[in-house]
**Q** 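Here it is, the structure in full.
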Amino acid sequence: MKLTRRHLTVLEFLSAIEGWCAPARLPDGNRRHVGASAHTLTELKRLGFIEYGKEPAHSLYGYRITDAGRAALESDNGKGGK
């Protein structure tokens, strides 16, 4: 599957923050922090690029990037993606 701008935006953001992020804080495909679409998050989760869970230190539920997501992001950036 070719990663789209909306996929890359979420993966890049999650990669930069190194932790869990509430869905409403995730950027959309235009890099606005209005929350990524449920469709985008479902696709990334199905591909194994992100996971949903709870931050152990407190009660924040959200998403974080997986090793597979980092590899996909690295691979796409290596091709000059975006």
Side-chain angles (χ1 to χ4, degrees):
M1 173 179 180
K2 171 115 174 75
L3 294 177
T4 65
R5 181 173 57 166
R6 61 191 167 83
H7 295 132
L8 292 171
T9 300
V10 171
L11 291 175
E12 288 168 352
F13 182 80
L14 289 174
S15 178
I17 65 166
E18 294 292 329
W20 297 95
C21 181
R25 288 190 52 224
L26 291 170
D28 67 3
N30 294 315
R31 301 191 189 282
R32 295 174 299 193
H33 293 271
V34 295
S37 72
H39 180 71
T40 298
L41 297 174
T42 299
E43 287 177 333
L44 290 171
K45 194 172 162 197
R46 181 178 43 83
L47 292 166
F49 295 165
I50 63 173
E51 62 182 348
Y52 183 79
K54 180 181 176 296
E55 170 64 50
H58 47 77
S59 61
L60 172 69
Y61 280 87
Y63 291 92
R64 70 176 173 185
I65 193 167
T66 63
D67 289 340
R70 288 183 200 290
L73 184 60
E74 198 172 290
S75 173
D76 192 80
N77 285 339
K79 293 178 190 169
K82 295 183 219 169

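Predicted, not measured: the structure shown is a model, and the values here were computed from it. Hydrogens, waters and symmetry mates play no part in the numbers below; they use all other heavy atoms, side chains included.
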**Q** Between Asp28 and Gly35, which heavy-atom pair has the shortest distance, and what is it?
**A**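 Heavy atoms of Asp28 and Gly35 come nearest at CB-O, 4.1 Å.
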**Q** Decide if atom OH of Tyr61 counts as having more than 12 heavy atoms of other residues, nucleotides or ligands within a radius under 6.0 Å.
**A**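 No.
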**Q** Shared ILVMFWY cluster between Leu60 and Leu14, side chains joined below 4.5 angstrom?
**A**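 Not linked; separate clusters.
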**Q** Run the side-chain contact (heavy atoms from CB on, under 4.5 Å) test on Ile17 and Ile65 for me, step by step, so that the C-alpha distance in whole Å, both residues' side-chain angles and the decisive distance to 0.1 Å come before the verdict.
**A** CA-CA 10 Å; Ile17 65 166; Ile65 193 167; over 6 Å; no
**Q** Please check if the number of heavy atoms outside Arg25 that lie under 6.0 Å from its CZ is greater than 12.
**A**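 Incorrect, the count does not exceed 12.
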**Q** Once you round to the nearest 0.5 Å, how far does CZ of Arg6 lie from CG of Leu44?
**A**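 The CZ atom of Arg6 sits 8.0 Å away from the CG atom of Leu44.
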**Q** For the atom pair CD (Glu12) and CG (Leu73), what is the distance rounded to the nearest 0.5 Å?
**A**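 The distance works out to 5.5 Å.
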**Q** If you measure from the Lys or Arg side-chain nitrogens to the Asp or Glu carboxylate oxygens, is any gap between Lys2 and Glu43 under 4.0 Å?
**A**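 Between Glu43 and Lys2 there is no salt bridge, as every charged N stays at least 4.0 Å from the carboxylate O atoms.
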**Q** When clusters are formed by joining ILVMFWY residues with side-chain heavy atoms under 4.5 Å apart, either directly or through shared neighbours, do Val10 and Val34 land in the same one?
**A**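 No, because Val10 and Val34 fall into different hydrophobic clusters, even though each may have its own neighbours under 4.5 Å.
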**Q** Could you measure the distance from the CH2 atom of Trp20 to the NZ atom of Lys54? Nearest 0.5 Å is fine.
**A**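 So the CH2 of Trp20 and the NZ of Lys54 are separated by 10.0 Å.
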**Q** Between Pro27 and Thr9, what is the shortest heavy-atom contact and its length?
**A**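 Nearest heavy atoms, Pro27 then Thr9: CG-CG2, 3.5 Å.
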**Q** Write down the atom of Gly62, the atom of Pro23, and the distance for their closest heavy-atom approach.
**A**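 Nearest heavy atoms, Gly62 then Pro23: CA-CD, 4.2 Å.
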**Q** Please report the interatomic distance NE2(His33) to CG(Leu26), rounded to the nearest 0.5 Å.
**A**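 Going from the NE2 atom of His33 to the CG atom of Leu26 covers 9.0 Å.
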**Q** Let me confirm one number: the OG1-NE2 distance from Thr40 to His7, rounded to the nearest 0.5 Å.
**A**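 The NE2 atom of His7 is 5.5 Å from OG1 of Thr40, to the nearest 0.5 Å.
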**Q** If you count heavy atoms of other groups shown closer than 6.0 angstrom to CG of Asn30, is the number above 12?
**A**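 For Asn30, atom CG is crowded (more than 12 foreign heavy atoms under 6.0 Å).
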**Q** I need the Arg64 CZ to Thr66 OG1 distance, nearest 0.5 Å.
**A**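 Reported to 0.5 Å precision, the distance equals 9.5 Å.
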**Q** Measure from the side-chain N and O atoms of Ser75 to the backbone N and O of Ala71, and report whether any donor-acceptor pair falls under 3.5 Å.
**A**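 Not confirmed, Ser75 side chain does not pair with Ala71 backbone.
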**Q** Between His39 and Thr42, does any side-chain donor sit less than 3.5 Å from a side-chain acceptor?
**A**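 No pair is found: no donor N or O on one side chain lies under 3.5 Å from an acceptor on the other.
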**Q** What is the minimum heavy-atom distance between Leu3 and Phe49, and which atoms define it?
**A**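 So the minimum-distance heavy-atom pair works out to CD2-CE1, 3.8 Å.
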